[in-house]
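Here the structure comes first, spelled out in structure tokens, and everything after it is commentary.
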Amino acid sequence: MGTGSTLPPIVRLACLEELLGHARANSLWPLTFGLACCAIEMMSAAGPRFDLDRFGAGVFRATPRQADVMIVAGTVTTKMAPTVVRLYNQMPAPKWVIAMGNCAISGGPFSLDFNYSVIEGVASLVPVDVMVPGCPPRPEALIEAFLKLEEKLTGKRRFPEAPRVPLEK
Ligand code: SF4
């Protein structure tokens, strides 16, 4: 048999990775963790009207050791920053972070020259996978963030993206 023959691989690691990606994408467990007003929208997303459980992401855990998604929902103050980092470090890998709202993304309305107490973006503390803009973002926007995370894990999108509505002039 020549060296150029293509035998089927004995172990299909690509299949295993794909299977793991689907398993992870459909069982994302968020950490129960809210910092400010955006957390109310996060709670609403988990409630019966928006039902985050439809996407397998409704099992909010009370300990970082059983969670694999951190939703940073609200303003991160310098006083709270070490706790955010500690909670992230206590989550087992693989783990993902969603920055929910303008405060978590950039400091939002508290990003002022004279304000020394607010971190201007949680990405400076922990690696962020998906950012959800808005003040506050609606629960649907958080659901979209989970769909983006699923897409990142599986390489496929569960539903087609909603068409973008052009801004009025
Ligand atoms: S982005 Fe707006 S709604 Fe969210 S925590 Fe900041 S101020 Fe509150």
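As the structure lists them, so they are numbered: ligands from 1, and atoms in each ligand from 1.
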Which atom pair, heavy atoms only, marks the closest approach of L147 to R157?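 Shortest heavy-atom separation between L147 and R157 comes out as CD1-NH2, 3.9 Å.
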
Minimum-distance pair of heavy atoms, taken over all atoms of W96 and L153: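 So the two residues come closest at CZ2-CD2, 3.2 Å.
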
Taking the hydrophobic residues Ile, Leu, Val, Met, Phe, Trp and Tyr, and joining any pair whose side-chain heavy atoms are under 4.5 Å apart, which ones share a cluster with F114?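 Other cluster members: L112.
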
In the hydrophobic clustering that connects Ile, Leu, Val, Met, Phe, Trp and Tyr at side-chain heavy-atom distances below 4.5 Å, which members other than I40 occupy its cluster, ordered by chain and number?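 Cluster partners of I40: M43.
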
By residue and atom, what protein N/O/S atoms are less than 2.8 Å from atom 2 (Fe) of ligand 1?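 Short answer, with waters excluded from the count: C135 SG.
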
Could you list the donor-acceptor pairs under 3.5 angstrom formed between side-chain atoms of residues 18-36 and any protein atom two or more places apart in sequence or on another chain?
| residue | atom | partner | partner atom | Å |
| --- | --- | --- | --- | --- |
| N26 | OD1 | R158 | NH2 | 3.1 |
| N26 | ND2 | H22 | O | 2.8 |
| S27 | OG | A23 | O | 2.7 |
| T32 | OG1 | R61 | O | 2.8 |

Got I105 and P133 here, is their nearest side-chain heavy-atom distance under 4.5 Å?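 Yes - at least one pair of side-chain heavy atoms lies under 4.5 Å apart.
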
